[in-house]
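Below you'll find the structure, written out as structure tokens, and then a few comments.
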Amino acid sequence: MTRTSVALNRAYRAESLRRAAAEEFDVVVIGGGITGVGAALDAATRGLSVALVEAQDFAAGTSSRSGKLIHGGLRYLEMLDFSLVREALHERRLLLTSLAPHLVKPVPFLFPLTHRLWERLYVGSGLLLYDAMGGSKVVPRARHLTRTQALKLAPGLRPESMIGAVQFYDAQEDDARLALYVARTAAEYGAVLLTYTSAVGVLSAGGRITGVRVLDHERGDEIEIRARHVVTAAGVWNDDIHSWVSGRQPARVRPSKGIHVILPRRCIDSGTGLFVRTEKSILFVVPWGTDHWLIGDTDTDWPYDKREPAPTGADIDYLLSKLNAVLKNPVSRTDIVGVFAGLRPLVSAGEGTKTEKLSREHVIYSAAPGLSMIAGGKYTTYRVMAKELIDVAAAHLGRPVPASCTERLPILGAVGYEARWKERAQLAEQPGLAVSQVERLLNRYGSCIDDLLALISRRPELAAPVPGLGQHLGVEVAYACSHEGALHLEDILVRRTRVAIETPDRGRGAAREVATIMAAELGRDQDWIDQELTQYTQRLEAEAAAEEKPDDRSANAARQAGYGPSSWGRTPSQGAAAGGAYTDTGVPQ
Ligand SMILES: Cc1cc2nc3c(=O)[nH]c(=O)nc-3n(C[C@H](O)[C@H](O)[C@H](O)COP(=O)(O)OP(=O)(O)OC[C@H]3O[C@@H](n4cnc5c(N)ncnc54)[C@H](O)[C@@H]3O)c2cc1C
């Protein structure tokens with residue numbers, strides 16, 4: 001049986017705005033990264049009424065810029081943080097098997113060893129523990145390899161860079177996609193989701209927060225959303241929102257920049273990912289799709305603009321030097337097809353502490369009566385973070401609220417995925433798609449592939465690939481607008497697809513055709529197409545300029561030059577400076 005999923009389209013947005021202004025919600029969530037959308041899903045599936053506001057697109061903050069691993073965290077094992085590792089491995093198992101098997105996949109890593117006996121014992125026993133803590137239940141066990149065996153798996157490695165290796169497994173996903181599908185699942189259970197809508201202040205009465213004032217960037221007007229409890233999952237922006245009620249700038253979150261580069265698969269001759277120890281941290285070389293490697297990352301303080309942290313030339317050279325130290329054939333900047341940076345929302349331990357030493361645990365705290373915040377954590381454990389945050393919100397509602405059920409709640413597209421996978425040859429016959437295309441679609445949409453196939457049967461022209469958009473079809477662009485909440489060109493080129501980091505022209509070649517399909521879906525005109533194209537080109541030019549800069553300060557200045565008029569121009573703190581209803585003196589300081 002096929003069933004249609006909730007469509008995050010223009011009608012949904014209009015209805016969400018109407019409801020947001022009219023209703024009082026049990027919970028309002030600020031932030032539509034993985035933590036916020038996870039919280040909206042957790043709340044909605046406990047029977048709570050919930051609205052979520054996101055200033056940009058879903059996952060446009062850190063949740064589209066991570067290393068894209070769902071991992072137990074071997075690094076945390078080394079820090080003796082056993083409970084974090086156990087929890088992360090549990091979440092990894094759930095995501096791989098029941099919650100999101102369409103979006104989360106196992107990935108092999110080779111861990112080259114450079115010291116003879118002690119390192120093999122040390123790494124081997126760490127991985128044995130990793131397996132014993134739940135790792136090996138869903139992925140193959142770690143195994144020891146001689147140098148000859150390791151080089152068979154990764155012939156591109158310099159033989160003298162190792163004395164042998166251990167192979168182990170973790171899992172990976174496309175972070176923007178998983179967040180989007182968690183959001184869509186929340187919408188299925190009645191959550192009201194508004195993207196391109198910033199919280200610009202809080203409402204208060206009787207000494208407690210009673211809602212948020214939001215700015216709709218699409219229409220340019222403000223509305224008030226009433227809430228019994230407000231939760232903030234705004235990642236590195238948490239302190240800005242906190243300052244609205246504390247009257248000063250708190251320092252709970254310390255943004256730490258991490259960059260990744262994307263290389264074509266041909267650059268590294270290896271059939272496995274690599275996990276290479278460096279003097280500071282770990283270098284990850286992760287297979288990305290069928291054609292690329294994702295290589296990261298760095299870990300440095302970032303005190304500049306939080307919307308678009310900029311990779312510098314120095315960051316890129318650092319990664320390449322670590323990679324070239326183990327490769328037979330070195331790679332250079334000209335091989336790179338994409339670069340991106342994200343900010344870890346680390347819980348601060350005071351100045352002077354190195355960011356790579358900070359804990360990846362999360363904390364939940366009350367900023368004011370009626371306003372709870374979550375900071376820190378990692379993508380892998382988003383579900384647990386969301387559950388704990390809603391537990392706190394529920395405790396303030398003054399009525400019994402059922403326990404979280406997200407541990408048993410498949411993400412949209414998971415139910416029926418396995419059955420569809422078995423039928424993939426038949427699915428390919430129907431619209432005339434290659435089986436490999438159907439497999440790719442299944443691993444992006446799960447059983448929601450039915451929606452796309454139905455669209456193709458009504459409009460067969462959408463089965464064709466969009467020139468310059470990699471393997472993506474016209475139907476994926478149309479569906480991103482009709483069901484996945486895409487409102488701007490960047491939403492598709494940067495997050496629904498990844499052409500902005502997967503093609504040497506960074507999506508330039510596909511931009512006009514994509515904007516044209518979008519305009520037809522969204523009811524936009526030629527002026528809109530031209531404006532979107534100009535903005536996207538400015539973005540690419542600013543990114544390229546930043547990548548040439550030697551340091552963070554100059555890269556930040558170069559990147560900021562690329563903000564267009566419809567960018568999230570009003571940061572929360574600018575909103576606060578503009579004055580408004582949130583400066584209620586009844587809120588305890
Ligand atoms: C380089 C790097 C690599 C990483 N690798 C991994 C990994 O491999 N595995 C892993 O598990 N974790 C990883 N992480 C960590 C993980 O990505 C983050 O912990 C996670 O994505 C944070 O999600 P979030 O929802 O808390 O924050 P975000 O994704 O940043 O979401 C916060 C959202 O709040 C919105 N917002 C802010 N202010 C407002 C406002 N006033 N009104 C409305 N909305 C607002 C922002 O636009 C943003 O979208 C990595 C992080 C980085 C930086």
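Numbering of ligands and ligand atoms starts at 1, following listing order.
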Can you sort out which atoms of ligand 1 are near [X], meaning under 4.0 Å from one of its heavy atoms?
| X | answer |
| --- | --- |
| Gly67 | 3 (C), 4 (C), 5 (N), 6 (C), 8 (O) |
| Gly377 | 19 (O) |
| Thr197 | 43 (C) |
| Gln56 | 46 (C), 47 (O) |
| Gly31 | 33 (C), 34 (O), 35 (C), 44 (N) |
| Gly258 | 1 (C) |
| Ser198 | 42 (N), 43 (C) |
| Ile30 | 40 (C), 42 (N), 43 (C) |

Determine whether the aromatic ring centres of [X] and [Y] lie less than 6.0 Å apart.
| X | Y | answer |
| --- | --- | --- |
| Phe25 | His229 | no |
| Tyr536 | His488 | no |
| Phe275 | Phe284 | yes |

Is any NZ, NE, NH1 or NH2 atom of the basic residue among [X] and [Y] found under 4.0 Å from an Asp or Glu carboxylate oxygen of the other?
| X | Y | answer |
| --- | --- | --- |
| Arg553 | Asp551 | no |
| Glu484 | Arg177 | yes |
| Asp216 | Arg13 | yes |

Judged on heavy-atom distance to [atom], which of [options] sits nearest?
| atom | options | answer |
| --- | --- | --- |
| atom 22 (C) of ligand 1 | Ala234, Ser63, Pro255 | Ser63 |
| atom 18 (C) of ligand 1 | Thr62, Thr298, Val29, Thr35 | Thr62 |
| atom 32 (C) of ligand 1 | Ser66, Gly61, Ala233 | Ala233 |
| atom 51 (C) of ligand 1 | His71, Arg344, Glu91, Glu173 | Arg344 |

Original post:
Among Asp315, Ile501, Ile295, Asp297, which one satisfies side chain to side chain contact (heavy atoms under 4.5 Å, CB included) with His260?
Top reply: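 For His260, the side chain to side chain contact (heavy atoms under 4.5 Å, CB included) test succeeds with only one of Asp315, Ile501, Ile295, Asp297, which is Asp297.
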
**OP:** Compute the shortest N/O to N/O distance between Ala59 and ligand 1 and return yes if it is under 3.5 Å, no if not.
**Re:**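 For ligand 1, there is no N or O atom that lies under 3.5 Å from one belonging to Ala59.
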
**OP:** Report yes if His260 has an N/O atom closer than 3.5 Å to an N/O atom of ligand 1; otherwise report no.
**Re:**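 Between His260 and ligand 1, no N or O pair is found under 3.5 Å apart.
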
Original post:
Taking atom CD1 of Ile70 and atom NZ of Lys378, what is their separation to the nearest 0.5 Å?
Top reply: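 Between Ile70 CD1 and Lys378 NZ, I get 8.5 Å after rounding to 0.5 Å.
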
